[in-house]
Amino acid sequence: QVHLGESGGGPVQAGGSLRLSCTASGNIYNNYCMGWFRQAPGKEREGVAVVYPGGSESYYADSVKGRFTISLDNNKKTLALQMNNLKPEDTAMYYCALRLWCLNLTAKERLEKSRYTDWGQGTQVTVSS
């Protein structure tokens with residue numbers, strides 16, 4: 001069983017920055033993805049950014065490209081999301097998630113929430129104008 005825990009959310013003014021972090025524990029093997037998803041009230045949960053260490057690849061939603069950066073530490077179990085130039089539309093609950101099998105997928109598939117099996121409790125990001 002994998003356990004995930006997020007931190008780093010909070011209130012921030014538009015144009016500001018936040019850094020989210022997520023630590024995974026448990027049995028994690030090869031070919032996994034870790035990513036960030038977010039959900040605003042009344043909206044579907046959407047993929048924000050995913051990293052696939054097996055291919056040294058990362059994927060971003062179009063809405064955050066150029067502003068957000070996803071990364072893993074050297075142990076590949078601590079995930080970070082650096083969020084710059086935040087906008088009010090970035091306001092959401094942000095969740096860390098893990099998918100244990102992430103081979104042979106498109107970027108769109110890796111950003112899809114349905115196959116992610118482990119989720120953190122979320123950390124709230126609120127961007128004010």
Joint cluster assignment, Leu111 & Leu100, ILVMFWY side-chain distance < 4.5 Å: no
Shortest non-hydrogen pair, Ser129 vs Ala14, comes out as CA-CB, 4.2 Å
Is Met34 reachable from Tyr59 through a run of hydrophobic residues whose side-chain heavy atoms are each under 4.5 Å from the next? no
Give the intermediate values and the outcome of ring pair (Phe, Tyr, Trp, His ring centres under 6.0 Å) for residues Phe37 and Trp119. CA-CA 10 Å; Phe37 295 76; Trp119 296 84; 5.1 Å; yes
Testing Arg45, Glu46, Arg99 one by one against Lys113 for a side chain to side chain contact (heavy atoms under 4.5 Å, CB included), which residue passes? Arg45
May I ask you to establish whether Arg110 and Tyr52 are in a cation-pi arrangement, using a distance under 6.0 Å from NZ or CZ to the six-membered ring centre and at most 45° from the ring axis? yes
Is the closest side-chain heavy-atom distance between Glu6 and Trp36 below 4.5 Å? yes
Quick check: are there more than 12 heavy atoms from other residues, nucleotides or ligands sitting under 6.0 Å from CD of Gln13? no
Verify, without hydrogens or angle tests, whether Gln82 (side chain) and Thr69 (backbone) share a donor-acceptor contact under 3.5 angstrom. no
Can you tell me how far OH of Tyr60 sits from NZ of Lys65, rounded to the nearest 0.5 angstrom? 10.5 Å
Non-hydrogen side-chain atoms of Leu4 and Gln121 separated by less than 4.5 Å: no
To the nearest 0.5 Å, how far apart are CG in Asp73 and OG1 in Thr78? 4.0 Å
In the structure I gave you, are the side-chain heavy atoms of Ser63 and Arg38 within less than 4.5 Å of one another anywhere? yes
Test item: Leu86 and Leu18 side chains (from C-beta on) under 4.5 Å apart, heavy atoms: yes
Where Val50 and Cys33 come nearest, the two heavy atoms and their spacing: CG1-CB, 3.8 Å
Would you check if Ser58 and Ile70 make a side-chain contact, meaning some heavy-atom pair closer than 4.5 Å? yes
According to a hydrophobic-cluster definition based on side-chain heavy atoms being under 4.5 Å apart (Ile, Leu, Val, Met, Phe, Trp, Tyr only), do Phe68 and Val51 belong together? yes
Of the non-hydrogen atoms in Asn85 and Ser17, which two are nearest, and what is the gap between them? N-OG, 4.2 Å
When you group the ILVMFWY residues by side-chain heavy-atom contacts below 4.5 Å and let the links chain together, are Val2 and Leu72 in the same group? yes
Could you tell me if the side chain of Tyr95 sits less than 4.5 Å from the side chain of Cys22, heavy atoms only? no
Return the minimal non-hydrogen interatomic distance between Asp90 and Tyr94, and the atom names on each side. O-OH, 2.7 Å
Would a 4.5 Å heavy-atom cut-off, applied to side chains only, mark Leu79 and Leu20 as touching? no
Thr91 side chain to Thr126 main-chain N or O, any donor-acceptor pair under 3.5 Å? no
Going by distance alone, is a donor N or O of one side chain under 3.5 Å from an acceptor N or O of the other, for Ser21 and Ser7? yes
Beyond-backbone contact of Lys87 with Val127, side-chain heavy atoms, under 4.5 angstrom: no
If two hydrophobic side chains count as joined below 4.5 Å and joins carry through other members, does Leu103 share a cluster with Leu98? no
